[in-house]
Colleague: 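Please see the structure below; I have some questions.
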Amino acid sequence: MKKGIVLSVTKRHITLLTPEGEFVRRNRDNGVYEIGDEVTIIPVERTFPISSKK
């Protein structure tokens, strides 16, 4: 789990700044977020397919 400070809130996403200096954008759930709140999130690991173009 990661903690972060809310930097921006839109209808679909929130952007956090973690203590490590990472900017993390995640989908917004039904929670109420305000700029400056400290929240805990579960990081999502993304995998991208490797292109086989030659």
Colleague: Closest heavy-atom contact between Arg28 and Lys11?
Modeller: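 That closest heavy-atom pairing would be CD-O, 4.0 Å.
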Colleague: Side-chain heavy atoms under 4.5 angstrom apart, residues restricted to Ile, Leu, Val, Met, Phe, Trp, Tyr: same cluster for Phe23 and Val9?
Modeller: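 They do not share one cluster, since no chain of ILVMFWY contacts under 4.5 Å joins Phe23 to Val9.
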Colleague: Nearest 0.5 Å, what's the CD1-OG1 distance between Ile35 and Thr15?
Modeller: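 Reported to 0.5 Å precision, the distance equals 9.5 Å.
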Colleague: Quick check: closest heavy atoms across Val6 and Glu34, and the distance to 0.1 Å?
Modeller: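 Taking Val6 first and Glu34 second, the nearest heavy atoms are CB-O, 3.6 Å.
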Colleague: Could you list the residues that satisfy salt bridge (Lys or Arg N to Asp or Glu O under 4.0 Å) with Arg26, not counting sequence neighbours?
Modeller: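 By the salt bridge (Lys or Arg N to Asp or Glu O under 4.0 Å) rule, Arg26 matches Asp29.
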Colleague: With rounding to the nearest 0.5 Å, note down the distance linking OG1 in Thr10 to CG in Asn27.
Modeller: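 One gets 9.0 Å once the value is rounded to the nearest 0.5 Å.
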Colleague: Do Val39 and Val24 land in one hydrophobic cluster if side-chain heavy atoms of ILVMFWY residues count as linked below 4.5 Å?
Modeller: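 Linked within one cluster.
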Colleague: Considering non-hydrogen atoms only, spot the tightest contact between Leu17 and Leu7 and give its length.
Modeller: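 Smallest interatomic distance, heavy atoms only, reads CB-CD1, 3.7 Å.
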